[in-house]
**Q** 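Have a look at the structure that comes next, please.
Lettering follows sequence order; numbering is per chain, from 1.
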Number of protein chains: 2
Amino acid sequence: MPRARNTGRPQSGPEERPSRAGAARLSLYLRCLEGWLREGVATVSSGQIAESLGISDAQVRKDVSYVGSLGQPGVGYQVTDLIEAIRQALGINREWRSVLIGVGNLARALLRYQGFRAQGFRIVALFDSDPAKIGQEVEGLKVDALEHLGDKIMTLGAELAILTVPAESAQPVAERLHEAGIRGILNFAPTVLRLPESVRLVNVDLSIQLEQLAFQVQLHNMP
Amino acid sequence: MPRARNTGRPQSGPEERPSRAGAARLSLYLRCLEGWLREGVATVSSGQIAESLGISDAQVRKDVSYVGSLGQPGVGYQVTDLIEAIRQALGINREWRSVLIGVGNLARALLRYQGFRAQGFRIVALFDSDPAKIGQEVEGLKVDALEHLGDKIMTLGAELAILTVPAESAQPVAERLHEAGIRGILNFAPTVLRLPESVRLVNVDLSIQLEQLAFQVQLHNMP
DNA sequence: GGATGTGAACGACTTCACAGCG
DNA sequence: CGCTGTGAAGTCGTTCACATCC
């Protein structure tokens with residue numbers, strides 16, 4: 001039997017930031033909330049969010065508690081307030097200037113995808129090493145030579161980079177990005193980049209995702 | 001002070017399958033190992049793998065132990081054996097027939113990406129709802145109408161699907177995929193799909209990845 | 001009543017540390 | 001000696017359960 005008594009424990013709770021896993025879910029909450037906002041919904045409960053994401057309501061409350069205590073018992077959360085609080089916690093309540101290196105099909109897909117702009121990410125420059133591509137205009141931006149990477153990043157004040165170059169060029173390009181002052185790289189090249197810890201890294205390896213899928217299907221087939 | 005209590009019994013169930021997180025790392029090990037294989041390296045130690053991935057050697061040994069005890073103390077692992085064992089554990093030591101729905105830029109990028117074929121994934125059909133695209137040939141495959149989805153999936157024996165359709169169409173298409181017998185979906189649409197648990201799901205939401213990157217950069221800036 | 005926020009239990013994952021073997 | 005494999009300890013993240021509040 002669990003027994004809970006004596007609520008008073010003033011301090012020791014160190015957790016005041018969303019955990020890494022929690023942050024990923026906050027992005028999902030944001031998706032739902034923005035949908036409801038468009039539909040004119042004013043308040044939601046943790047149970048509703050949980051239901052539409054297929055997770056537990058306790059999980060939602062725990063995650064949300066990291067961004068502040070803005071729920072009303074018996075009612076739920078104000079949609080607009082929660083959106084605001086999550087965007088602030090994730091650091092996307094401002095513009096993030098980003099550059100894109102490697103103008104292939106993947107890059108074009110990303111450029112066309114409107115979700116970025118909506119969340120405050122603005123791609124301000126494109127680079128490629130292929131002379132045939134340099135000078136071309138893609139989605140309203142002119143492709144620049146890699147040579148100008150450092151200059152333009154500093155001039156434009158870009159902080160993030162999206163890497164969609166072939167695996168072989170990823171490491172050297174990443175190092176140049178670091179030197180140019182880039183703070184975070186979204187890496188699509190199927191390589192493990194080694195960079196100083198001051199450059200944050202998020203990897204999206206499409207092949208690995210497919211392997212995970214195969215693994216899960218296999219697991220599910222024979223337990 | 002550790003307040004660890006006598007854990008009595010960890011419980012009978014000894015872990016004999018890679019954990020979910022472990023499986024993701026196995027894919028990474030595979031990348032390294034395949035590189036070394038090409039360079040003619042015959043044996044590697046857990047420390048070498050760990051070093052090139054920036055993780056701990058204990059982590060590598062633990063993960064690898066799930067796929068079998070094939071290391072030699074004082075020596076390390078035979079590269080070829082380890083590759084074989086990991087591929088078997090992940091379920092990619094065979095062909096997985098896959099279909100792709102939504103032939104846009106992202107799809108073209110995926111089709112051109114050779115990494116899939118190398119790992120045993122073979123895309124056997126393309127579908128799109130746009131009449132202008134139906135009949136076109138893309139990377140050696142003819143784009144088919146969504147109408148034939150069920151038929152072709154069953155005829156070709158496809159088990160996996162890659163979803164690169166707009167968010168609005170993702171849920172209905174996913175349901176049709178399920179009905180056609182697809183066992184796993186790699187979803188690129190920025191939506192939460194609700195499907196029976198028998199269909200495994202891996203989501204790749206590019207916008208969320210960027211948000212994670214921004215979050216991490218922000219965290220790193222002001223601790 | 002209905003929902004939040006939160007210690008505490010629980011479970012999953014990671015690191016430690018060391019026996020054992022080539 | 002160097003390196004593996006593995007219990008045990010430690011850490012992190014999730015779920016439970018309940019006091020609390022509208």
**Q** In residues 29-53 of chain A, which ones come under 4.0 Å of DNA chain C, going by heavy atoms?
**A** S45(A), S46(A)

**Q** Both G74(A) and G71(B) contact DNA chain D. Which one's nearest nucleotide lies toward the 5' end?
**A**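 Final value for this comparison: G71(B).
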
**Q** Would you tell me if any nitrogen or oxygen in the side chain of Y77(B) comes within less than 4.0 Å of OP1 or OP2 on dG5(D)?
**A**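 Checking Y77(B) against dG5(D): at least one side-chain N or O falls below 4.0 Å of OP1 or OP2.
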
**Q** Decide side-chain hydrogen bond (donor to acceptor under 3.5 Å, both in side chains) for Q212(A) and Q216(A); before the verdict, give the C-alpha distance in whole Å, the side-chain angles of both, and the deciding distance to 0.1 Å.
**A** CA-CA 6 Å; Q212(A) 294 309 304; Q216(A) 286 189 36; 5.4 Å; no

**Q** Starting at atom CZ of R20(B), determine the distance to atom P of dA12(C), rounded to an integer number of angstrom.
**A** 12 Å

**Q** Quick one: does any side-chain atom of N203(A) pair with a main-chain N or O of D205(A) as donor and acceptor, under 3.5 Å?
**A** no

**Q** When you check the phosphate oxygens OP1 and OP2 of dG5(D), does a side-chain N or O of S65(B) lie under 4.0 Å from one of them?
**A**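 No.
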
**Q** Could you tell me the separation between the CD1 atom of I185(B) and the OG atom of S98(B), rounded to the nearest 0.5 Å?
**A**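 Output value for this atom pair is 12.0 Å.
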
**Q** How close or far is atom C1' of dG13(D) from atom CG of L26(A), stated in whole angstroms?
**A** 14 Å

**Q** For K62(B) and dT14(C), give me the distance from atom NZ to atom P, rounded to whole Å.
**A** 11 Å

**Q** Between dC16(D) atom P and R61(A) atom CZ, what is the distance in whole Å?
**A** 11 Å

**Q** Using OP1 and OP2 only, check whether a side-chain N or O of Q72(B) sits under 4.0 Å from dG22(C).
**A** no

**Q** Note the angle between the end axes of the helix from dG1(C)-dC22(D) to dG22(C)-dC1(D), five pairs defining each, rounded to 10 degrees.
**A**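 Axis-to-axis angle, ends of the helix: 10°.
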
**Q** State whether R25(A) places a side-chain N or O below 4.0 Å from either non-bridging phosphate oxygen (OP1 or OP2) of dT14(D).
**A** yes

**Q** Using the side-chain hydrogen bond (donor to acceptor under 3.5 Å, both in side chains) criterion, which residues pair with Q209(A)? Sequence neighbours excluded.
**A** none

**Q** Output yes when a side-chain donor or acceptor of T164(B) lies under 3.5 Å from a complementary backbone atom of I101(B), and no otherwise.
**A**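 Confirmed, T164(B) side chain pairs with I101(B) backbone.
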
**Q** Report yes or no: is the cationic atom of R38(B) (NZ for Lys, CZ for Arg) under 6.0 Å from the centre of the six-membered ring of W36(B), at an angle within 45° of the ring normal?
**A**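 Geometry flag: not set, cation outside 6.0 Å or 45°.
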
**Q** Is the backbone N or O of F116(B) less than 3.5 Å from a side-chain atom of R122(B), with the two atoms forming a donor-acceptor pair by type?
**A** no

**Q** Main chain of S169(A), side chain of Q171(A): is a donor-acceptor contact present, judged purely on distance under 3.5 Å?
**A**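 Such a contact is absent between Q171(A) side chain and S169(A) backbone.
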
**Q** Counting only N and O atoms by type, is there a donor-acceptor contact under 3.5 Å from the side chain of W96(B) to the main-chain atoms of G91(B)?
**A**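 Checked: pair present.
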
**Q** Please report, rounded to the nearest Å, how far the P atom of dC13(C) is from the CZ atom of R17(B).
**A**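 My rounded result for the distance is 15 Å.
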
**Q** Pick the nucleotide of DNA chain D nearest each of Q59(A) and D57(B); which residue has the one closer to the 5' end?
**A** D57(B)

**Q** With a non-hydrogen cut-off below 4.0 angstrom, is L70(B) in contact with a base, only sugar-phosphate, or nothing?
**A**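 L70(B): backbone/sugar contact only, no base atoms under 4.0 Å.
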
**Q** Atom CD1 of I55(B) to atom P of dC13(C): distance rounded to whole Å?
**A**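 From I55(B) CD1 to dC13(C) P: 15 Å.
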
